[in-house]
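Worksheet: one structure, shown below.
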There are 2 protein chains.
Amino acid sequence: MALSTKPYKGARDFYPEDKRLQTYLFSTIRKTVAKFGYEEYDAPILEPLELYLAKTGDEIVNEQTYVFTDRGDREVVIRPEMTPTVSRMVAARRQELPFPVRWFSIPNLWRYERPQRGRLREHWQLNVDLFGVAGLEAEHELIVVVDEIFKAFKAKHDMYEIKLNNRKLVDHFLLDYLGLDSVQAHSVGKLIDRKNKMSEAMFEAQADAILTPSQREAGVLNKLLGVMKIKKLSHLPEDLREHDSAKDLQKMLDLLAASGITNAHYDPTLMRGFDYYTGIVFEVFDTNPENNRAMLGGGRYDGLVGLFGVEPVPTVGFGWGDVTLQNFLETHELLPPKKTPVDVYVVMLDLNLYEKAQKTIASLRSMGMNVAVDMTGRKADKQIKSADKQAIAFALFIGAKELEEGVFNLKNLHTGHEEAHSIERIVTMIKDHRRK
Amino acid sequence: MALSTKPYKGARDFYPEDKRLQTYLFSTIRKTVAKFGYEEYDAPILEPLELYLAKTGDEIVNEQTYVFTDRGDREVVIRPEMTPTVSRMVAARRQELPFPVRWFSIPNLWRYERPQRGRLREHWQLNVDLFGVAGLEAEHELIVVVDEIFKAFKAKHDMYEIKLNNRKLVDHFLLDYLGLDSVQAHSVGKLIDRKNKMSEAMFEAQADAILTPSQREAGVLNKLLGVMKIKKLSHLPEDLREHDSAKDLQKMLDLLAASGITNAHYDPTLMRGFDYYTGIVFEVFDTNPENNRAMLGGGRYDGLVGLFGVEPVPTVGFGWGDVTLQNFLETHELLPPKKTPVDVYVVMLDLNLYEKAQKTIASLRSMGMNVAVDMTGRKADKQIKSADKQAIAFALFIGAKELEEGVFNLKNLHTGHEEAHSIERIVTMIKDHRRK
């Protein structure tokens with residue numbers, strides 16, 4: 001039986017046109033984060049299981065990981081996220097690194113889940129992290145980086161919105177304002193995290209089930225539901241509004257506004273799934289309802305580096321998946337036209353001249369041309385058809401007469417126009433065309 | 001207990017200075033192969049096990065693969081090589097692809113083996129493949145590509161040698177010239193493949209053990225050993241020398257010489273491990289004995305695409321590991337000096353001015369500068385120390401007076417020289433410095 005040609009379920013093959021798009025996305029990102037001094041790092045796709053047992057959200061380790069035992073009896077995981085890895089790497093060089101440390105990476109990550117729009121088993125995720133800054137300036141810079149990446153892709157502010165919350169405000173809200181115990185607070189937190197994926201009634205019923213009879217009597221559910229509806233910090237009850245964590249959020253919004261970022265606002269339902277966040281958290285959403293998932297998210301997680309037995313480091317970071325980015329750019333028609341990197345296709349009129357033609361071909365390349373040579377020995381029209389199918393702009397014909405005279409027919413495959421020129425002239429013409 | 005900060009055994013963390021080097025290697029390669037019209041592709045790191053059971057060398061699937069069962073009960077492999085994957089992808093679009101197809105990729109690959117010099121469990125491997133050309137022009141182009149990559153890294157011909165053989169000549173030699181049966185031929189082939197890793201005596205003993213008494217009597221062992229010593233096609237016994245497969249090798253050497261590649265020669269001990277090769281094979285070795293492994297290897301494998309139930313496609317390809325490339329460049333002192341991508345480090349003289357300073361910082365970035373801002377609130381000398389440790393060339397000081405006057409002190413951290421200038425002048429100075 002013949003072998004299947006399909007890729008592994010939920011993962012993508014990248015044919016050249018797909019890879020070209022990915023390269024465009026990633027190189028745009030790389031250029032933008034470099035402006036802020038972020039440097040790229042990477043790490044093995046396999047990590048020991050223990051790394052994820054410490055402070056990640058439960059969901060991830062239990063049901064969604066690719067975990068297996070290697071031939072040396074070690075339990076290993078194909079990384080589902082990069083944050084534990086980057087924390088490990090910073091901890092390993094805690095003493096010698098010059099803080100603040102600005103690092104980014106675009107790793108591929110694996111999660112075992114049902115493939116659906118915006119979610120695949122393998123995806124790439126931009127991770128940007130800033131280590132060693134305790135103040136709000138850190139979160140501010142990250143959101144400015146996000147905004148600059150959107151700008152680099154020519155996105156406008158009305159195409160996305162930035163939602164902010166503060167884990168410290170959430171804690172104060174759940175523990176002090178609502179008066180929940182820590183187990184209840186954790187459960188309600190997880191419930192709020194899933195709020196936008198269920199009906200109002202379902203949310204109410206599940207929240208109610210977590211409360212004690214006396215809490216129910218005291219109207220805790222209504223207090224919870226009331227705050228969930230608030231979209232402005234100034235509308236919060238005084239006890240919440242005056243808390244330091246809320247003031248930090250307000251400072252954050254002011255700082256962002258001063259940087260021209262006006263599409264950010266407070267959202268009490270924003271939680272972020274991972275347990276390791278300790279302060280401000282944020283997510284960015286497409287304003288087009290077609291893409292209803294968070295495109296990216298992040299926040300402050302000051303506790304992770306310390307888990308490796310070194311002095312803790314204040315840290316902020318975010319992750320941005322390639323699939324959600326690509327869906328966003330497609331929806332808003334921001335993807336550039338597809339273009340082949342091949343400048344000229346050499347049509348060999350007689351394959352016996354292949355050896356003799358090498359000098360001409362090499363000189364084209366040395367003058368900066370990307371040259372694909374047809375060495376199939378087919379008739380010229382078949383060769384041209386191959387070039388056409390790849391949307392290559394020019395075909396250059398090499399035969400005995402051409403090699404002797406040093407003059408070659410160049411055909412513009414878009415217009416059909418054909419003219420004979422020297423190699424130098426041909427290179428100038430193609431370069432002119434490339435600039436357009 | 002604190003978590004370990006070590007990466008998975010046999011795999012590497014890429015800290016920014018390591019990643020910078022990898023980026024240099026890969027971008028040099030990408031630019032070079034693009035000149036020949038090769039386009040990048042990629043695929044999932046997980047593949048179904050069946051893909052490797054077909055025609056890969058035995059060693060790989062049995063002992064060296066990372067194979068496991070996923071949560072959907074599928075047997076999957078973390079890819080140990082890219083050739084089966086690229087064959088699968090070409091087969092999937094056999095009908096619509098415009099041949100000749102020129103593709104490359106730089107995937108990470110995993111093999112479970114004892115880590116040693118030049119061999120790690122995870123490595124990246126340049127894969128360059130040309131589909132749809134049956135003639136020797138295909139192998140010629142691949143070797144020219146290899147040579148151009150060496151040139152792009154400023155390597156000279158005396159630093160490496162290209163060894164060639166032909167699987168068809170090997171078959172003729174083993175089956176017809178030595179008169180082995182096909183099982184014996186396969187065993188002797190595998191033995192020759194390991195010849196350089198054992199003593200002469202060991203090779204003789206193991207080869208002898210494969211032969212029948214009558215073959216021993218007929219002097220087959222001596223015939224085998226005699227040919228193994230020959231390094232020139234013209235010195236081969238007439239029966240081998242006059243075989244078409246030897247003539248193809250000679251044509252190949254002539255074609256390479258015409259392209260100025262004079263460091264290539266025939267080697268009867270060259271086999272290549274994989275079972276799927278069908279014609280010319282080649283490997284490239286560092287002439288420095290410190291790196292004794294093949295740096296790269298490849299050849300013709302016309303049978304793989306057809307395994308997927310489509311019409312076969314003549315194919316040549318090679319693979320080149322990042323570890324062997326890096327060892328080669330290090331040994332020959334061809335690696336470029338390490339340089340930070342950060343142009344200027346902003347020292348905040350008063351962190352309360354962070355919001356006010358945003359305009360100045362943003363304008364530096366919009367003029368093309370890579371700017372890292374110190375927002376730790378530490379004293380200026382501590383901030384400068386961080387910049388120094390990263391070997392950043394310039395520090396720019398922002399305080400109240402500077403923001404008011406629009407004139408900023410710029411300190412060259414290499415020379416210690418400090419001068420006040422406008423932002424525009426500073427950008428010009430840094431750009432001048434960058435060009436040096």
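With a 4.5 Å cut-off on non-hydrogen atoms, A/Leu364 does not touch chain B at all. For B/Tyr112, the part sitting under 4.5 Å from any heavy atom of chain A is the side chain, from C-beta outward, and nothing else. The contact between B/Met375 and chain A is made by backbone and side chain atoms together, counting heavy-atom distances below 4.5 Å. Neither the backbone nor the side chain of B/Ile361 comes within contact range of chain A; no heavy atom of the residue lies under 4.5 Å from a heavy atom of that chain. Neither the backbone nor the side chain of A/Asp388 has a heavy atom closer than 4.5 Å to any heavy atom of chain B. If you measure heavy-atom distances from B/Asp343 to chain A, you find no contacts under 4.5 Å at all. Contacts of B/Glu137 with chain A are made by both backbone and side-chain atoms, with heavy-atom separations under 4.5 Å. Of the atoms belonging to A/Leu130, it is side-chain heavy atoms, and not backbone ones, that fall under 4.5 Å from chain B. Proximity to chain B involves both the backbone and the side chain of A/Met89, based on heavy atoms less than 4.5 angstrom apart. Contacts of A/Glu40 with chain B are made by both backbone and side-chain atoms, with heavy-atom separations under 4.5 Å. With a 4.5 Å cut-off on non-hydrogen atoms, B/Arg365 touches chain A through its backbone and its side chain both. At a 4.5 Å heavy-atom cutoff, the contact between A/Tyr345 and chain B is made by side-chain atoms alone. Within the 4.5 angstrom heavy-atom criterion, atoms from both the backbone and the side chain of A/Tyr15 approach chain B. With a 4.5 angstrom heavy-atom cutoff, A/Lys9 touches chain B only via side-chain atoms. Using a 4.5 Å cut-off between heavy atoms, A/Glu141 touches chain B through backbone and side chain atoms alike.
If you tally non-hydrogen atom pairs under 4.5 Å between each of B/Glu47, B/Arg93, B/Arg74, B/Lys31 and chain A, the highest count goes to B/Arg93. Contact count against chain B (heavy-atom pairs under 4.5 Å) is highest for A/Leu351 among A/Asp18, A/Leu351, A/Asp374. Each of A/Ile78, A/Val76, A/Val342, A/Val373 has some count of heavy-atom pairs under 4.5 Å with chain B, and the biggest count is that of A/Val373. Ranked by heavy-atom pairs shorter than 4.5 Å toward chain A, the options B/Lys19, B/Lys356, B/Arg88 are led by B/Arg88. Ranking B/Met369, B/Gln390, B/His140 against chain A, the residue ahead of the rest is B/His140, based on heavy-atom pairs under 4.5 Å. In terms of non-hydrogen atom pairs under 4.5 Å with chain B, the most contact-rich of A/Pro7, A/Ser105, A/Gly309 is A/Pro7. Looking only at heavy-atom pairs under 4.5 Å with chain B, the residue among A/Glu96, A/Arg102, A/Gln358 that has the most is A/Arg102. Looking only at heavy-atom pairs under 4.5 Å with chain A, the residue among B/Val90, B/Val371, B/Ile392 that has the most is B/Val371. Contact count versus chain B (heavy atoms, under 4.5 Å) is highest, among A/Ala387, A/Pro16, A/Gly37, A/Ala91, for A/Pro16. Of the listed residues (B/Ala34, B/Pro314, B/Ala11), the greatest number of heavy-atom pairs within a distance under 4.5 Å of chain A belongs to B/Ala34. For the set A/Ala134, A/Pro48, A/Gly72, the entry with the most heavy-atom pairs within less than 4.5 Å of chain B is A/Gly72. The choice from B/Gln383, B/Lys382, B/Lys385, B/Arg378 that makes the most heavy-atom pairs within less than 4.5 Å of chain A is B/Arg378.
B/Glu355 CD to A/Leu136 CG: the interatomic distance, rounded to the nearest 0.5 Å, is 11.5 Å. In this structure, OH on B/Tyr41 lies 14.0 Å from CD on A/Gln22, to the nearest 0.5 angstrom. Considering CG of B/Leu3 and CZ of A/Phe308, their distance stands at 5.0 Å, rounded to 0.5 Å. The structure places NZ of B/Lys359 at 12.0 Å from OG of A/Ser259, a figure rounded to the nearest 0.5 Å. Distance CG/B/Asp42 to CG/A/Asp13: 9.0 Å, rounded to 0.5 Å. Within the model, atoms CG of B/Leu51 and NZ of A/Lys6 stand 14.5 Å from one another, a figure rounded to the nearest 0.5 Å.
Counted by atom type alone, A/Arg71 and B/Thr65 present one or more donor-acceptor pairs between their side chains at under 3.5 Å. For the 3.5 Å distance criterion, the side chains of A/Asp70 and B/Tyr8 qualify, holding a donor opposite an acceptor.
Using bins of under 30°, 30° to 60° and over 60° for the plane-to-plane angle, the ring pair A/Phe68/B/Phe68 lands in the parallel bin.
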Query - Steps toward side-chain contact (heavy atoms from CB on, under 4.5 Å) verdict (A/Arg20, B/Glu39) - result: CA-CA 8 Å; A/Arg20 223 182 288 153; B/Glu39 293 196 69; 2.7 Å; yes
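In terms of heavy atoms, B/Pro100 sits closest to A/Thr376 at CD-CG2, 3.7 Å. The nearest pair of heavy atoms linking B/Lys389 to A/Gln95 is NZ-O, 4.3 Å. The shortest heavy-atom contact between B/Ser386 and A/Pro98 is O-CB, 3.7 Å.
In this structure, A/Glu122 and B/Ile45 have side chains that are in contact, with non-hydrogen atoms separated by less than 4.5 Å.
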